[in-house]
Amino acid sequence: MGGENVQIEKSNNNSSSSSSPSASGPPPTCFSHFWSSALRAKTLTAPSVRTNDGEGLLRRLGLFELVLIGVGASVGAGIFVVTGTVARDAGPGVTISFLLAGAASVLNALCYAELASRFPAVVGGAYLYAYTAFNELTAFLVFAQLMLDYHIGAASIARSLASYVVSILELFPFFKENIPSWIGHGGEEFLGGTLSINILAPILLALLTIVLCWGVGESSVLNSCMTVVKVIIVIVVIFAGAFEVDVSNWSPFAPNGFKEILTGATVVFFAYVGFDAVANSAEESKKPQRDLPIGILGSLLICAALYVGVSLVLTGMVPYKFLDEDAPLSDAFASRGLKYVSVLISFGAVAGLTTTLLVGLYVQSRLYLGLGRDGLLPSIFAKVHPKRHTPVHSQVWVGIVAGILAGLFNVRVLSHILSVGTLTGYSVVSACVIALRWKDRTSRNDSSRLTSAWRQGVICLIIIACCGFGAGLFYRINASYILLIVAVVIAVLASAMLCLRHGYSDPPGFSCPGVPLLPAVSIFFNLFLFAQLHYEAWWRFVILSFISIGLYAFYGQYHADPSSDTIVYHRVAVAEAQ
């Protein structure tokens with residue numbers, strides 16, 4: 001793959017609307033133009049030998065760096081805070097919660113791995129996959145939902161990181177009780193709490209933004225170092241705590257029953273993120289077809305092992321009823337007289353939050369870069385620095401947005417509307433695996449049959465998604481199990497239709513096993529978890545979807561350029577790639 005470049009064309013090739021009106025036909029109406037634009041899809045074309053150095057990102061990430069990007073994006077506040085919160089309800093069974101969530105995450109990871117292997121050369125992640133498998137509007141909606149999660153999440157993590165940094169500084173007598181709240185501890189509230197001033201969080205965001213603008217190699221080194229430190233600290237915590245475990249604390253293992261364990265799984269599921277971060281590193285990966293699937297699955301397995309180990313140690317050291325919800329690990333070791341481990345945990349939290357924030361900012365800029373290239377956002381987001389090979393404008397914009405949110409608002413109050421974008425993106429990625437495998441999609445022998453099969457398949461996918469949400473809702477409101485069983489049965493029938501009515505080809509590179517059943521199960525479970533979110537999260541999904549459609553109608557449909565010749569992506573030389 002060294003020395004060659006990849007072209008990507010956007011074409012109006014959606015199976016249900018691929019032709020444009022002829023010159024002699026009536027002029028298109030606003031609605032017809034919107035509809036034809038919304039149904040455009042992106043098509044990958046054969047590689048070209050053209051070179052266009054300076055317009056693309058530089059391939060400098062190897063397998064080790066990709067794995068650390070996935071671990072860095074996943075292991076953060078969850079392992080230091082969420083573990084104790086869930087254990088208060090699930091007891092020692094929180095270990096099973098992490099295992100169940102890990103198993104569900106494997107389904108999503110396998111889907112991500114296939115698509116990352118199928119599209120090895122470009123940024124975009126879930127947005128790119130939706131653009132290729134479905135259409136332009138779906139891709140833009142996925143981007144909007146993901147981006148709100150990333151923006152709010154980055155601001156929230158920055159505030160938590162600032163608080164931990166201040167806690168470490170206060171270990172020194174000079175700083176103890178001399179740092180005002182408006183610098184880092186929470187924030188100084190004004191206007192009845194509407195504004196919450198925090199100075200340190202935007203400063204930390206600015207420093208990380210500078211590192212990311214400087215170059216992917218430099219930011220990768222920082223992420224790798226911090227992630228290695230974080231993992232080592234977590235391993236030390238596990239081994240140190242293992243000698244303090246009292247096995248009697250593990251009995252009863254599930255004090256509140258299996259339902260609390262399952263509910264806990266829906267909470268800790270969000271600790272397994274990072275697939276999209278690895279997928280969005282595609283354009284900067286040296287050997288994407290080989291390394292991306294391994295990076296996605298490898299980082300997931302490492303995170304699962306760390307989570308299970310911490311859960312066992314934590315619930316074995318302290319009875320689950322007495323776990324601290326804010327800092328369970330530090331409190332557990334302090335109660336055992338191991339204060340030096342508590343200090344080590346604080347350093348681990350700083351490292352963990354730093355890498356999570358760094359990778360989050362990195363992913364956001366690459367998504368903006370992809371939409372800028374496609375014309376769905378202003379072209380300034382598509383510019384790449386000719387020497388640094390980083391999307392400086394996109395990166396600075398991401399840093400500014402996160403800095404404003406972190407510096408002026410207590411974004412933690414918005415935490416209950418998070419994870420909508422994650423679950424939406426995961427569900428769409430699973431559907432993309434099925435759609436791109438349909439043999440009928442590439443067949444042009446019978447267009448009427450193609451359109452009919454495509455529509456039937458999409459209807460089946462929608463039915464599975466609705467059944468997953470319905471089953472989750474029935475479970476949430478403690479409805480009759482008969483309704484839950486009915487939802488599952490309908491989803492099974494829709495999955496059977498996908499098996500019987502469509503053929504599935506073998507993709508190049510990594511192949512997700514069990515298509516279409518495994519992606520269908522993934523969609524069902526993702527929407528099951530979606531139903532467990534706060535009601536305000538549902539409203540956020542609906543309102544943001546309408547806003548996104550409005551933005552696309554007023555800007556995206558007119559500026560997206562499906563007839564552009566090519567977008568060229570830089571590849572490293574053979575010697576550098578090997």
Side-chain angles (χ1 to χ4, degrees), residues 70 73-74 78 96-118 125-126 129-130 133 142 146 261-279 292-305 307-308 419-437 457 460-472 475 487-488 491-492 494-496 498-499 504 506-507 509-533:
S74 301
I96 305 299
S97 297
F98 273 109
L99 287 174
L100 290 174
S105 298
V106 167
L107 302 180
N108 294 293
L110 289 171
C111 295
Y112 258 98
E114 174 173 320
L115 296 180
S117 177
R118 184 190 287 266
Y129 308 149
V142 169
L146 281 173
I261 292 178
L262 186 58
T263 302
T266 66
V267 177
V268 302
F269 174 82
F270 308 114
Y272 292 98
V273 295
F275 314 141
D276 205 51
V278 179
L292 289 177
I294 298 176
I296 289 171
L297 295 172
S299 60
L300 172 63
L301 294 177
I302 292 173
C303 293
Y307 286 140
V308 170
S419 301
V420 173
T422 303
L423 288 173
T424 302
Y426 284 0
S427 301
V428 171
V429 166
S430 299
C432 288
V433 170
I434 296 176
L436 291 172
R437 289 277 204 107
C460 288
L461 291 175
I462 294 174
I463 290 174
I464 293 171
C466 292
C467 288
F469 181 81
Y475 172 80
V488 173
V492 170
S495 300
L498 289 176
C499 294
Y504 299 89
D506 294 327
F510 181 85
S511 177
C512 175
V515 176
L517 295 181
L518 188 147
V521 172
S522 177
I523 295 172
F524 183 91
F525 191 74
N526 289 336
L527 270 296
F528 183 93
L529 294 179
F530 192 101
Q532 312 308 312
L533 298 177

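For clarity, every value in this text was computed on a predicted model and none was experimentally measured.
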- Query: Restricting to pairs with a member in residues 100-114, which pass salt bridge (charged side-chain N to carboxylate O under 4.0 Å, His left out), not counting sequence neighbours?
  - Reply: E114-R118, E114-R437
- Taking side chain as C-beta onward, heavy atoms only, is S495 less than 4.5 Å from C460? no
- Query: Quick one: salt bridge (charged side-chain N to carboxylate O under 4.0 Å, His left out) pairs with a partner in residues 292-305, sequence neighbours left out?
  - Reply: none
- With sequence neighbours excluded, give me every side chain to side chain donor-acceptor pair (under 3.5 Å) pair touching residues 99-110. N108-S522, N108-N526
- Message: Going by the rule side-chain hydrogen bond (donor to acceptor under 3.5 Å, both in side chains), which residues pair with Y426 if we only count those two or more places apart in sequence or in a different chain?
- Response: none
- Any residue meeting side-chain contact (heavy atoms from CB on, under 4.5 Å) with C466, in chain and number order, not counting sequence neighbours: I462
- The side-chain hydrogen bond (donor to acceptor under 3.5 Å, both in side chains) partners of S419 (sequence neighbours excluded) come to none
- Task: Find out whether L423 and L527 are in side-chain contact, i.e. whether some heavy atom of one side chain is under 4.5 Å from a heavy atom of the other.
- Result: no
- Please identify each residue that fulfils side-chain contact (heavy atoms from CB on, under 4.5 Å) with P293, with sequence neighbours left out. A113, S117, F510
- State the OG1-CG distance between T422 and L529, to the nearest 0.5 angstrom. 11.0 Å
- Measure the acute angle between the ring planes of Y112 and Y129, then classify it against the limits of 30° and 60° as parallel, tilted or perpendicular. perpendicular
- Query: Sub-3.5 Å donor-acceptor pair from the side chain of S511 to the main-chain atoms of P507, do we have one?
  - Reply: no
- Item | Sequence-distant partners of I463, side-chain contact (heavy atoms from CB on, under 4.5 Å), two or more places apart | I459, C467, I490, A494
- Not counting sequence neighbours, which residues clear side-chain contact (heavy atoms from CB on, under 4.5 Å) with A304? List them please. Y272
- Note on the structure: ring pair (Phe, Tyr, Trp, His ring centres under 6.0 Å) filter on F525, not counting sequence neighbours, yields none
- Query: So do L146 and T424 actually touch side chain to side chain, heavy atoms under 4.5 Å?
  - Reply: no
